Amino acid sequence: MSLKQRDKKHIWHPLTQHKLHPEAIAIVKAKDCILYDEDDNEYIDAIASWYTCMYGHCNDYIIDRVTAQMKQLDQVVFSGFTHEPAIKLSEELIKILPKNQEKVFFSDNGSTSVEIGIKMALQYHSNKGSKRNILIAFEDGFHGDTFGAMSVSGLSVYNGPFEEFFITVERIPTPNGTNNQDVLDKLKNIIENNKVAGFIYEPLVQGAAAMKMYDINGLTDILKLCKENNIITIADEVMTGFGKTGSYFASKQLEIKPDIICLSKALTGGLLPMAITSCSQEIYNAFFSDDIGKGLFHAHTYSANPIACTAAVASLELLQSDEIQNSIKAIIKSHKKFGERIVNHSKVKSIRQTGVIFALDLDIEMERYGNLRDKLLNFFMDNGIFLRPLGNTIYIQAPYTISQKQLEKIYKTIEQALEII
Ligand SMILES: *Cc1c(COP(=O)(O)O)cnc(C)c1O
């Protein structure tokens, strides 16, 4: 029996309506930018497996470090104990995070890093004796699938059954340069009429909103208004973190620094699940007390797993290497050229790019998980490219190690795909 067939017996896949999509492709191995399936087909991983494997799959540099660590210390409770991999990671991460970040809190996926960010913001005010009970988020933001994260996500198309259990969130549109004043007015109105604890946002690029890129000045004005009102700002950099936007973190391009930052996805180069919520000294100080109840009583069993921390330290070294920094520059350049080549195509509505993230909107209506979208996805797979269109958006976010030749193959296949729709 093939893996594909055995899979069907017991496995329930994420984001899948099994009646409509009964089969998964079985991947047997991966190396650098290529995925190999059980029938010996090869696919270029043009989205770095949801933006995680940015240094290529099964990266030897990370693997060697992790292998050594596995023989030294595998797992230990992180409450009451500490270890070198976590300490080293905190030191190295703080060096490249926005200057105001001082403390890191560990968890194991993007959604939990958001939950922790939300809890930090709510408890910050509670510890200071002020009752603030709502959060602000963008209308089309995405922050994960656990309850707090779902509550702040605006893109909850399929979250209907849970909505009545959500925490209270007021939404504002993303600023696009022309609506900035309206967004600010709406925000002011919300602040005047509510006790707002925090504002959560994906800086510069909203991933699940189909790589929506928005106005940096508009975001700056929002953050300023939040600061003036002592509203805790939470930058969800789960997708944008670690070089994707052309700087180590998107927040580094903004004049106003967030109080809290959520990180995961590329943190370990895709080798192991891990997440971090970092924060400023000011946030940490609000929890530092003789009163035990003012501490942050949140833990995950695998918090700061030493092997995952080691993978993250090795990944950070790669990120800062000349080799990776040069590849990032090269990818940015080739995407620009591809954009110029394709922008006037009759089926292309618009293109956009931030750092290594490239997206194009097709000039046709498409459902997020509809038939046309499936047709496109299948076309890419049949042509050896793993790309997941989001509605009528095709986007590329390939590993930094991708070659020019592989990039050219992705571009050509996208151009061919325009001919079949
Ligand atoms: C993927 C993602 C999350 C959720 O991370 P998971 O590890 O899938 O739980 C949260 N926020 C953003 C911006 C993301 O891209």
Side-chain angles (χ1 to χ4, degrees), residues 13-16 45 47-54 105-121 135-159 162 166-167 169 171 174 198-214 219 233-245 249-251 254 258 260-278 298 300-303 305 308 311-312 315 354-357 359 368 388 390-391 393 395-398:
H13 285 269
L15 287 185
T16 303
D45 189 354
I47 62 162
S49 287
W50 273 339
Y51 349 121
T52 55
C53 303
M54 296 309 289
F105 193 99
F106 292 91
S107 62
D108 43 29
N109 64 76
S111 304
T112 54
S113 75
V114 167
E115 297 292 333
I116 292 157
I118 291 172
K119 283 171 91 169
M120 282 178 179
L135 296 169
I136 296 176
F138 283 133
E139 282 165 1
D140 45 9
F142 174 76
H143 302 286
D145 284 339
T146 51
F147 265 85
M150 249 194 317
S151 304
V152 286
S153 294
L155 272 176
S156 45
V157 218
Y158 302 110
N159 284 346
F162 317 113
F166 285 179
I167 51 181
V169 176
R171 298 190 190 287
T174 42
F199 165 60
I200 184 163
Y201 60 102
E202 296 157 271
L204 305 189
V205 187
Q206 296 176 296
M211 301 300 153
K212 183 166 169 180
M213 298 169 193
Y214 63 97
L219 177 57
T233 51
I234 308 169
D236 178 352
E237 294 231 24
V238 171
M239 193 278 290
T240 51
F242 307 103
K244 273 87 164 258
T245 62
F249 301 95
S251 294
L254 283 133
I260 294 170
I261 301 180
C262 309
L263 301 167
S264 186
K265 292 207 163 103
L267 173 60
T268 64
L271 205 77
L272 287 157
M274 189 162 78
I276 282 179
T277 311
S278 69
H298 185 109
H300 296 286
T301 311
Y302 282 96
S303 292
N305 170 263
S315 298
T354 300
V356 303
I357 308 167
R368 200 170 168 89
R388 279 175 65 96
L390 274 170
T393 302
Y395 71 92
I396 310 170
Q397 206 186 118

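We count ligands from 1, going down the list as the structure has it; atoms in each ligand are counted the same way. These figures come from a predicted structure and were not determined experimentally. All values below were derived from every heavy atom in this structure, side-chain atoms included, with hydrogens, water molecules and symmetry-related copies excluded.
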Inset, instruction - Please indicate whether any nitrogen or oxygen in Val114 is less than 3.5 Å from any nitrogen or oxygen in ligand 1. - result: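 N/O-N/O distance below 3.5 Å does not exist for this pair.
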
Suppose I only count heavy atoms of [X] and a 4.0 Å limit; which atoms of ligand 1 are within that range?
X      : value
Phe142 : 2 (C), 3 (C), 11 (N), 12 (C), 13 (C)
His143 : 10 (C), 11 (N)
Ser111 : 4 (C), 5 (O), 6 (P), 9 (O)
Gly110 : 4 (C), 5 (O), 6 (P), 7 (O), 9 (O)

Inset, instruction - Evaluate the side chain to side chain contact (heavy atoms under 4.5 Å, CB included) criterion for residues Lys212 and Glu202: first the C-alpha distance (whole Å), next the side-chain angles of each, then the deciding distance (0.1 Å), finally the verdict. - result: CA-CA 10 Å; Lys212 183 166 169 180; Glu202 296 157 271; over 6 Å; no

Legend entry - Proximity of Val238 to ligand 1 by residue part, where a heavy atom lies under 4.0 Å: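 The answer is the side chain.
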
Legend entry - For atom 11 (N) of ligand 1, the protein heavy atom that lies nearest, with its residue and separation: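 So the nearest neighbour among protein heavy atoms is Asp236 OD2, 2.7 Å.
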
Legend entry - Taking atom 2 (C) of ligand 1 as the reference point, the nearest protein heavy atom with its distance: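 Scanning the protein heavy atoms, the shortest distance from atom 2 (C) of ligand 1 goes to Lys265 NZ, 2.6 Å.
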
Legend entry - Gap separating the OG1 atom of Thr354 from the NZ atom of Lys244, nearest 0.5 angstrom: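 Those atoms lie 13.0 Å apart.
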
Inset, instruction - Would you check whether Glu237 reaches within less than 4.0 Å of ligand 1, judged by its heavy atoms? - result: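 Glu237 does not count as a contact of ligand 1 under the 4.0 Å cut-off.
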
Inset, instruction - Determine, step by step, whether Ile200 and Leu135 satisfy the side chain to side chain contact (heavy atoms under 4.5 Å, CB included) criterion, reporting the C-alpha distance in whole Å, the side-chain angles of both residues, the deciding distance to 0.1 Å, and the verdict. - result: CA-CA 8 Å; Ile200 184 163; Leu135 296 169; 5.7 Å; no

